[in-house]
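Residue numbers count from 1 along this sequence. FYI, side chains are in, hydrogens and waters are out, and symmetry mates aren't considered; it's all heavy atoms of this structure.
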Amino acid sequence: AEGKIKCQLTKYQMCIGCKACTSVCKHNAITVHTSENEDGDEAEINLQNQKPPVDEKISEEILLKIGVCFKSYSGDRLLNRYIGRLIFPILDFSGKCIGFGGRTFGANSRKDVAKYINSPESEIYIKNQSLYGFAQAKKGKSKDIIFVEGYLDVISMHQAGFDRTVAPLGTALSETQMNMCWKFCDTPIIMLDGDNAGVKASYRWIDRILPELKPGKSFRVARLPQNT
């Protein structure tokens, strides 16, 4: 049965999904706890019952501008850009939702469909000035801030106890993102996938960060085994 799935990291609703969403989480080592309501159709992550507050009606212009919806070919109606996807809310420094990421799953995972889509940049969401998981990481108890590649990596790392793990949002690390993390950790750790793509990305990140090094501020690299 279809139900509601909540993001353990942000406590916001991830999507109106089904068992396929849950299987994506389990495949990526994310623990999913379920509970049923009287109708037996509610599935939640972390058993939270919070929803993003909506104080006023959102205009069509804003929905189009922030990329939540797009117009049909005929132009007579709005369509949900994230329909059929597992949704990852992106929060700013203070914990307010500023964008979304969406991942295909199950029958929607076709070769002709992008696996991930993300909110376009807007007045409130600038990719190289945001980090997924940072609102939680700055309150974390782990010693080190760890950079990983994506949403599911961040969530699984937090579940494993590394609660200061973050990820850039589809871009290489920027000076702004490094300065955000250097405020809380002098030597953050870069830990990308152990496959060839992950190794190449690590070198790109290193090249990008080296010119930004400052006295007392550096970084470390954790190299994972091949194909992990």
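Clustering ILVMFWY residues whenever any of their side-chain heavy atoms sit less than 4.5 angstrom apart, transitively, puts F70 in a cluster other than the one holding V68. Transitive grouping of hydrophobic side chains (ILVMFWY, heavy atoms separated by less than 4.5 Å) brings L210 and L192 into a common cluster. Note on I126 and I90: separate hydrophobic clusters, where clusters join Ile, Leu, Val, Met, Phe, Trp and Tyr whose side-chain heavy atoms are under 4.5 Å apart, directly or indirectly. A single hydrophobic cluster is seen to contain both Y132 and Y116, as judged by linkage of ILVMFWY side chains at heavy-atom distances under 4.5 Å, directly or through other members.
Side-chain contact, R85 with T104: no donor N or O sits under 3.5 Å from an acceptor N or O. Residues S72 and S74 have side chains that bring a donor and an acceptor to within less than 3.5 angstrom of each other. In the model, Y82 has a side-chain atom that pairs as donor or acceptor with a side-chain atom of S119 under 3.5 Å.
The CD1 atom of I189 sits 10.0 Å away from atom CD1 of I145, with the distance rounded to the nearest 0.5 Å. Separating the SG atom in C185 from the CZ atom in F219 is a distance of 13.0 Å, to the nearest 0.5 Å. From R220, atom CZ reaches atom CD1 of I190 across 11.0 Å, with rounding to the nearest 0.5 Å. Atom CH2 of W205 and atom CE of M178 lie 10.0 Å apart (nearest 0.5 Å). To the nearest 0.5 Å, atom CG of residue L169 and atom CD of residue Q129 are 12.0 Å apart. Here CD1 of I98 is found 5.0 Å from CG of D92. Values are rounded to the nearest 0.5 Å.
For C181 against F147, the heavy-atom pair with the smallest separation is SG-CZ, 3.5 Å. Considering all non-hydrogen atoms of both residues, V166 and A137 come closest at CG1-CB, 3.6 Å. Closest approach of S142 to D163, counting heavy atoms only: OG-OD1, 2.7 Å. The shortest non-hydrogen separation linking K127 to E121 is N-OE2, 2.9 Å. Taking both residues in full, the closest heavy atoms of K217 and W182 are given as NZ-O, 3.0 Å, listed atom of the first, atom of the second, then distance. In terms of heavy-atom proximity, V148 sits nearest to M157 at CG1-CG, 4.4 Å.
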- List the steps, then state whether salt bridge (charged side-chain N to carboxylate O under 4.0 Å, His left out) holds for E60 with K71. CA-CA 10 Å; E60 177 179 311; K71 283 194 173 183; 3.4 Å; yes
- Message: Does K65 form a salt bridge (charged side-chain N to carboxylate O under 4.0 Å, His left out) with E123? I'd like the steps, not just the answer.
- Response: CA-CA 10 Å; K65 195 170 186 178; E123 288 88 346; 2.9 Å; yes
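Taking the six-membered ring for Trp and thresholds of 30 and 60 degrees, F184 and F134 have ring planes more than 60 degrees apart, a perpendicular arrangement. Classification of the Y151-F88 ring pair by plane angle, with boundaries at 30° and 60°, yields parallel.
Residue F162 places its CZ atom among 12 or fewer non-hydrogen atoms of other residues, nucleotides or ligands, all under 6.0 Å distant. Within a 6.0 Å sphere centred on CZ of R223, heavy atoms belonging to other residues, nucleotides or ligands number 12 at most. With a 6.0 Å radius and a threshold of 12 heavy atoms from other residues, nucleotides or ligands, Y203 has its OH atom at or below the threshold.
A donor-acceptor pair is defined here as one N or O able to donate and one able to accept, closer than 3.5 Å; no such pair exists between the side chain of R164 and the backbone of D144.
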